[in-house]
Number of protein chains: 2
Amino acid sequence: MRNDKAPTMADIARKTGVSPMTVSRAFKSGSLISKDTRDAILKAAEELGYVFDSTASNLRSQKTDFIAVTIPSINNANFADTVGGLSETLSARGFQILLGYTNYDVEEEERLIEQLLRRKPQAIVVTGGKHTPRARRLLENASVPVIETWDVPAEPIGHFVGFSNADAVRSMVDHFVAAGYRRIAFIGGDASRDTRGSDRRLGFIAALANHGLDASRLIDAGVPPISMREGANAMARLLAEFPDTEAVICVSDLSAFGALTECQRRGVPVPGRIAIGGFGDYEIGGICVPALTTIDAQARQIGERTGRLILDLLDDRPDVPHVTIEPRLIVRDSSR
Amino acid sequence: MRNDKAPTMADIARKTGVSPMTVSRAFKSGSLISKDTRDAILKAAEELGYVFDSTASNLRSQKTDFIAVTIPSINNANFADTVGGLSETLSARGFQILLGYTNYDVEEEERLIEQLLRRKPQAIVVTGGKHTPRARRLLENASVPVIETWDVPAEPIGHFVGFSNADAVRSMVDHFVAAGYRRIAFIGGDASRDTRGSDRRLGFIAALANHGLDASRLIDAGVPPISMREGANAMARLLAEFPDTEAVICVSDLSAFGALTECQRRGVPVPGRIAIGGFGDYEIGGICVPALTTIDAQARQIGERTGRLILDLLDDRPDVPHVTIEPRLIVRDSSR
DNA sequence: TTGAAAGCGCTAACAT
DNA sequence: ATGTTAGCGCTTTCAA
């Protein structure tokens with residue numbers, strides 16, 4: 001039934017009585033070709049079941065339409081939103097996103113970056129501003145734009161679209177302090193892995209110090225990503241170890257929700273007995289009871305701005321190399 | 001500083017004093033080459049900042065290491081789990097997943113399939129068993145394995161790894177009926193879009209009919225995917241339109257959780273006044289209070305089995321063409 | 001508007 | 001264990 005070898009442009013050319021070059025032109029929009037010829041070619045292509053071969057096109061033209069992207073985890077609504085914004089902006093222009101997951105590990109990120117660069121993407125987007133020395137070198141040597149996101153890197157490799165995680169948490173600490181809370185704790189992950197998470201923890205410590213408050217109420221919830229369950233377990237430990245705690249800030253809304261459920265199971269009133277803050281403005285924080293005070297990091301906007309930056313760069317339009325996003329504090333019932 | 005044109009194998013060959021073919025061999029594992037030669041080549045490559053060009057390799061060898069995958073949405077933990085299982089199984093063998101989002105739309109799926117096939121993937125995995133006629137034709141003509149997932153297609157194109165959404169919901173209806181509930185409602189999305197969601201709705205109707213019960217308590221929660229918020233709104237309408245309802249099955253745990261929060265805001269006891277069931281065994285269903293009765297569709301296992309199926313096919317190992325997954329009913333406090 | 005020639009960077013196939 | 005030759009399917013470049 002079906003031929004073993006797929007038809008090529010040469011086959012279409014033969015069938016239509018034109019040269020392969022004309023067939024090639026028929027598939028490119030905006031190329032000089034008569035309407036009749038193009039129609040005949042497209043018809044022949046459909047009849048033959050022709051599928052354009054990007055592989056060959058990419059090699060000959062020495063460019064692909066790939067944009068490489070690394071994110072810590074596929075299963076995270078924040079990063080999914082960023083990729084969604086990026087994808088929407090870029091796929092309108094025919095770019096295809098090549099996605100890789102680092103699993104919150106810079107070693108894995110290094111492997112991934114190397115693998116992705118072999119595909120000759122037109123740009124590479126990474127999450128975070130901390131990398132292994134070799135990963136950094138690979139990115140520096142890449143002859144395509146590099147965009148770091150979700151962070152304000154100490155030494156940007158190229159461009160970045162992000163925000164200071166520490167500053168964002170500071171704004172939440174300020175809110176809690178202004179609301180009268182003094183004994184404030186932090187629930188976060190193992191410091192060595194998720195750099196954005198550790199930045200939040202450091203921001204928490206600095207902000208408390210700034211207010212002259214004790215910053216030793218730190219609960220380590222495990223290896224990132226911190227799940228709802230781990231948030232719940234951490235809350236149990238917090239209540240045991242620091243029973244007089246008045247408020248707790250969690251590294252994400254997911255762990256914050258887990259912590260909230262632990263209070264519900266124990267009959268601990270939130271915010272009456274303890275107030276809770278999250279991070280990331282996940283959907284759950286807006287709908288759970290009580291709704292969670294959180295930081296909207298504008299995940300989708302990060303993706304959109306990154307996408308637009310890439311288009312500007314590829315179109316040789318003047319660009320702003322560094323885009324700083326302003327996270328917004330959202331105060332909800334869990335802290336008032 | 002950096003040369004404008006990237007170094008190729010020919011450059012390494014020149015620098016090392018071997019032929020380009022030997023350089024090629026140095027990068028392939030398990031090829032006949034002396035350790036000294038390989039070491040020298042890899043060293044030269046590192047010095048030159050060489051990056052392997054998959055583009056050229058793919059064209060010459062007429063094979064890529066892409067596996068194309070379409071999922072309805074990037075922002076869904078169930079599909080993320082499937083992709084995670086797939087990714088883990090396949091990336092161990094050096095495959096790279098090419099991911100596309102259909103946004104729950106078969107027209108978009110058609111465009112996506114065409115775009116993905118141009119990349120010459122070694123296999124294509126699609127979510128669902130319903131496609132446009134043209135998408136079906138594209139898949140049938142693709143000279144690579146096609147695997148439909150998350151469904152048991154009426155007419156499979158090639159292979160499938162999935163389960164019957166209707167049967168899964170039936171098992172939940174049976175549980176509710178056995179537990180004594182009679183006036184049971186369904187909250188789901190617009191029937192025309194999410195085919196798995198409509199299958200669940202149809203399964204609900206058939207199962208109630210089977211028990212001789214009224215199956216007219218159907219709340220349309222909007223266009224898929226149904227958010228937590230839409231679940232909450234749907235619960236509000238359910239309580240208004242069918243105030244004597246004793247139990248409700250929601251198209252997913254997310255909408256079920258939204259529905260639960262609406263009850264919490266109104267002081268409606270769950271399950272005392274109304275029982276709730278979800279679908280998908282999302283993390284939230286296991287930790288919220290009360291925890292949600294749900295169906296575990298084994299999302300991750302779907303991905304893993306699909307990955308192993310692909311490896312079997314590509315290695316010419318004998319395979320089982322159709323894999324049926326058994327969803328498991330999980331009974332929790334929301335229905336007892 | 002169309003065609004002819006050449007070649008992108010790698011590797012299959014064959015040779016030594 | 002290494003080398004030589006040719007060519008994958010397109011598109012750049014130049015010509016008509």
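All values reported here derive from a predicted model rather than from experimental measurement. In the text below, chain A, chain B and the rest are named by the order of the sequence lines, each starting its count at 1.
In this structure, B/S54 reaches neither bases nor backbone, as no heavy-atom distance under 4.0 Å exists between it and the strands shown. Within the nucleic acid shown, A/I33 comes within 4.0 Å of sugar-phosphate atoms alone, with no base atom in reach, counting heavy atoms only. If you check every strand for non-hydrogen atoms under 4.0 Å, B/V23 touches nothing.
For B/Y50 and B/F27, the gap between ring centers is short of 6.0 Å.
Figure legend: A/R119 and B/F52 shown without cation-pi pairing, the cationic atom not lying both under 6.0 angstrom from the six-membered ring centre and within 45 degrees of its axis.
Side-chain contact check for A/H131 and A/E109: at least one donor-acceptor pair (N or O, by modelled atom type) lies under 3.5 Å.
Distance CG (B/D11) to C1' (C/dC10): 13 Å, rounded to an integer number of Å. Atoms CZ (B/R14) and C1' (D/dG3) sit 16 Å apart, rounded to a whole Å. Separating the CZ atom of B/R38 from the P atom of D/dT2 is a distance of 10 Å, rounded to the nearest angstrom. For A/R118 and C/dG9, the CZ to C1' distance is 14 Å, given to the nearest whole Å.
Sorted by first and then second residue, the salt bridge (charged side-chain N to carboxylate O under 4.0 Å, His left out) pairs involving residues 120-132 of chain B (not counting sequence neighbours) are B/K130-B/D199.
Atom NZ of B/K63 has 12 or fewer heavy atoms from other residues, nucleotides or ligands within 6.0 Å.
Proximity of B/S34 to the phosphate of D/dT2: a side-chain N or O atom is located under 4.0 Å from OP1 or OP2.
Every residue two or more places apart in sequence or in another chain that forms a ring pair (Phe, Tyr, Trp, His ring centres under 6.0 Å) with A/F163 is listed here: A/W150.
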Legend entry - Annotated protein contacts, base or backbone, on nucleotides 6-12 of chain D with a non-hydrogen cut-off under 4.0 Å, one of B, S, - each: BBBBBBB
